[in-house]
> 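To start, I am sharing the structure in question, which I have written as structure tokens.
Labels below follow one simple rule: chain letters A, B, ... track the order of the sequence lines, proteins then strands, and each chain is numbered from 1. Predicted, not measured: the structure shown is a model, and the values here were computed from it.
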There are 2 protein chains.
Amino acid sequence: MESPLSPYSHCILFTSNAFARTLSKISEPFFAELGLTTTQAFLLMSIVREPGISAGKLSEELILEPSTITRALDKMELKRLIYREYSGASTIVFAGPEGTKLEKDAAAAWGKIRLYYEGRFSKEITDRWASDLDFGTASLRNDLKP
Amino acid sequence: MESPLSPYSHCILFTSNAFARTLSKISEPFFAELGLTTTQAFLLMSIVREPGISAGKLSEELILEPSTITRALDKMELKRLIYREYSGASTIVFAGPEGTKLEKDAAAAWGKIRLYYEGRFSKEITDRWASDLDFGTASLRNDLKP
DNA sequence: TCAAGTCATTTGCTTGTACAAGCAAATGAT
DNA sequence: ATCATTTGCTTGTACAAGCAAATGACTTGA
């Protein structure tokens, strides 16, 4: 019989935060090597996947507040990874040449991270966790919507 | 066939962070009503459960860096919820009368949060998620240890 | 045509978390 | 007994993320 990691180990509020913090701490160095934060890496991948994507759509896709997207794009623009254009009320975003190049490294780093945790837990298990967490997030977001 | 929430929905780095952020956003108001952050609420519960617990043990129990514990305890001490004593190299922490009283409310708020998400997802499912996330965290922390 | 409304984005401010460096007590080896 | 190392906590600094308010740009109605 294992003693629990903590008195809160049966609470998903606690365990999901602890898990996210811990996995993030392991993953960050993979992107930091490229001079990117994790959020910036995901942004870069989204922008290369869909050139001209709007800030609002990036906010939805990454499930981050618009202001967080703005700040991250500010920093990426300063480093000439991306540039913004203003299309009516919307801001649309494109990767510059350096950004397009760096995105390949970001995607590779992301691949390494997935290999890492699939090696640690197996692909079947991590796929199920991802699916559960994705479903859980979508359900909770419905409660926040109206 | 559902379209995925995002292109990252099969990645547990992404989904665990998104889930933790979303559930935290829903939970925070329950504790904020008491003038507590989520971390402070868990700290208070730990301190009342084990009077004289050391800062280091709190750090392990909440899976947060020692410096994070220090700052949170600073704020709780300012509000006279807890007090610290210095026992050799260790700092040990006790709840004051107001802290002991407020802890009951914190525990009740925590109960409401659990009711909320168990109602949303069922107890069976949330228990399994918590157990998976707890196991995952423990495994990942082994990789960070040495 | 232009004033009000609406929507997307940005800005100002706050908070939580972390790393790195420092300090003080404890431990251990000679 | 003394000195070097380790352990535990705190402080300085940095940054991601969020909320709330402000801005800017289309749209609509008089």
> Give the minimum heavy-atom separation between Ala18(A) and Ile63(B), together with the two atoms involved.
CB-CD1, 3.9 Å

> Can you tell me the distance, in whole Å, between the CG atom of Asn17(B) and the P atom of dT17(C)?
13 Å

> Would you please confirm or rule out a distance under 4.0 Å between OP1 or OP2 of dT9(C) and any side-chain N or O of Arg84(A)?
no

> Considering just the side-chain nitrogens and oxygens of Thr91(A), establish if one lies under 4.0 Å of OP1 or OP2 belonging to dT10(C).
yes

> Fit a plane to each ring of Tyr83(B) and Phe94(B), take the angle between them on a 0 to 90° scale, and name the class: parallel (under 30°), tilted (30 to 60°) or perpendicular (over 60°).
parallel

> Listing request: all salt bridge (charged side-chain N to carboxylate O under 4.0 Å, His left out) pairs with a residue in residues 43-59 of chain A, at least two apart in sequence or in separate chains.
Arg49(A)-Glu61(A), Glu50(A)-Lys57(A)

> For dA18(C), does either OP1 or OP2 sit under 4.0 Å from a side-chain N or O belonging to Arg21(A)?
yes

> Of all the heavy-atom pairs spanning Leu13(A) and Tyr117(B), show the shortest one and how long it is.
N-CE2, 4.2 Å

> Check this one for me: any side-chain N or O of Thr68(B) less than 4.0 Å away from OP1 or OP2 of dT17(C)?
no

> Is the centre of the Phe31(A) ring less than 6.0 Å from the centre of the Trp110(A) ring?
no

> Roughly how many Å is it from NZ in Lys75(A) to C1' in dT11(C), rounded to a whole number?
14 Å

> For Lys25(A) and for Ala55(A), locate the closest nucleotide of DNA chain C by heavy-atom distance; then report the residue assigned to the nucleotide nearer the 5' terminus.
Ala55(A)

> Please report, rounded to the nearest Å, how far the P atom of dA8(C) is from the CD atom of Glu85(A).
19 Å

> Which whole-number value in Å describes the distance from Leu43(A) CG to dT9(C) P?
13 Å

> Quick one: list whatever passes ring pair (Phe, Tyr, Trp, His ring centres under 6.0 Å) with Phe30(B), sequence neighbours left out.
none

> For Lys57(A), answer base if it contacts any base atom (sugar-phosphate contacts may also be present), sugar-phosphate if it contacts only those atoms, and nothing otherwise; contact means non-hydrogen atoms under 4.0 Å.
nothing

> Indicate, with a heavy-atom threshold strictly under 4.0 Å, whether Leu64(B) touches base, sugar-phosphate, or nothing.
sugar-phosphate

> Take the protein atom CD of Glu60(B) and the nucleotide atom P of dC9(D), then report the distance between them rounded to whole Å.
10 Å

> Over how many whole Å does the gap from Ile69(B) atom CD1 to dT7(D) atom C1' extend?
17 Å

> Scan Ser59(B) against the nucleic acid and name what it touches under 4.0 Å (heavy atoms): base, sugar-phosphate only, or nothing.
nothing

> Could you check how far CG of Leu36(B) sits from P of dT15(C), rounded to whole Å?
14 Å

> Taking all atoms of both residues into account, what is the closest heavy-atom pair of Ala55(B) and Ile69(B), and its distance?
O-CG2, 4.1 Å

> To the nearest Å, give me how far apart CD (Glu65(B)) and P (dC15(D)) are.
18 Å

> Each nucleotide in nucleotides 20-27 of chain C should get exactly one letter: B, S or -. Can you fill that in based on protein heavy atoms under 4.0 Å?
-----SS-

